[in-house]
Amino acid sequence: MGDFSTQQKLQLTRQVRERYQQDRQDLGQREQLLYGRTLSYFEEEPPYSYDDEANYSGMGDKSSGKGGTLGLRILLAAILVCLLALADRRGDTLFGLTSGQILEYLRYDCIPSP
């Protein structure tokens, strides 16, 4: 790798950054299709600049914590698990399915076959 000139290194760095930016845009478009909105981290500027004299020390993690739905998803999952356990104990159906059918669907979708 010592054979590369400075100009070749800068060109390669620029290509890598352009590809990274294109991948971010593609991911943002896919999430727009999936969730109906672009997530907040695609609206932010990257933590480092894209010019040729970029300082790589600024590439740290910048987690702002806004727009996250992990807590809500965990709460919803816990509620659904409790509803499933309650329906199983009482012998009721949940969304028109028995608990055995729901567990079978979960095994089929979530547990890999040996």
Side-chain angles (χ1 to χ4, degrees):
M1 292 203 50
D3 301 1
F4 288 125
S5 69
T6 304
Q7 189 64 26
Q8 289 172 325
K9 289 179 183 178
L10 288 175
Q11 184 178 7
L12 181 61
T13 303
R14 187 178 308 114
Q15 289 173 351
V16 168
R17 290 178 182 158
E18 288 172 358
R19 179 60 190 239
Y20 173 74
Q21 185 64 27
Q22 182 64 39
D23 288 345
R24 283 175 53 103
Q25 289 174 353
D26 290 345
L27 186 59
Q29 290 171 353
R30 290 179 186 141
E31 289 188 348
Q32 174 72 28
L33 289 172
L34 286 173
Y35 302 119
R37 66 178 174 86
T38 304
L39 298 179
S40 63
Y41 57 82
F42 286 109
E43 297 165 0
E44 297 174 356
E45 287 296 316
Y48 53 91
S49 64
Y50 282 111
D51 57 3
D52 289 337
E53 297 84 22
N55 181 3
Y56 292 104
S57 65
M59 292 180 64
D61 242 357
K62 259 187 162 178
S63 56
S64 62
K66 60 181 176 180
T69 59
L70 180 63
L72 181 62
R73 290 179 187 184
I74 290 173
L75 179 65
L76 182 62
I79 291 171
L80 288 174
V81 166
C82 289
L83 284 174
L84 181 63
L86 183 64
D88 186 40
R89 180 174 287 270
R90 294 179 64 193
D92 292 338
T93 61
L94 188 62
F95 305 114
L97 299 169
T98 65
S99 60
Q101 290 171 323
I102 294 173
L103 291 174
E104 191 60 36
Y105 284 126
L106 289 174
R107 278 190 201 101
Y108 179 75
D109 285 341
C110 300
I111 300 175
S113 301

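Residue indices begin at 1 and follow the sequence shown.
When hydrophobic clusters are built by joining Ile, Leu, Val, Met, Phe, Trp and Tyr residues whose side-chain heavy atoms come closer than 4.5 Å, directly or via intermediates, Leu80 is grouped together with Leu84. Linking ILVMFWY residues whenever their side-chain heavy atoms come closer than 4.5 Å, directly or via other members, leaves Tyr105 and Leu86 in distinct clusters. In the hydrophobic clustering of ILVMFWY residues, with side-chain heavy atoms under 4.5 Å counting as a link, Leu103 and Ile79 come out together. There is a path of hydrophobic side-chain contacts, each under 4.5 Å, that joins Leu106 to Phe95.
The distance from atom CD of Gln15 to atom CZ of Arg19, rounded to the nearest 0.5 Å, is 11.0 Å. One distance of note links NZ of Lys9 with CG of Leu12; it measures 10.0 Å at 0.5 Å rounding. Rounding to the nearest 0.5 Å places CD of Gln101 at 11.0 Å from CG of Leu94.
For residues 74-90, the set of pairs meeting the salt bridge (charged side-chain N to carboxylate O under 4.0 Å, His left out) definition, not counting sequence neighbours, comprises Arg90-Asp92.
Environment of CD in Gln7: sparse, with no more than 12 heavy atoms of neighbouring residues, nucleotides or ligands closer than 6.0 Å.
With Thr69 contributing its side chain and Leu72 its backbone, the two residues share no donor-acceptor pair below 3.5 Å.
Shortest non-hydrogen contact noted between Leu97 and Ile102 is CB-CG1, 3.8 Å.
For the pair Arg17/Thr13, a side-chain contact is recorded, criterion being any heavy-atom separation below 4.5 Å from C-beta on.
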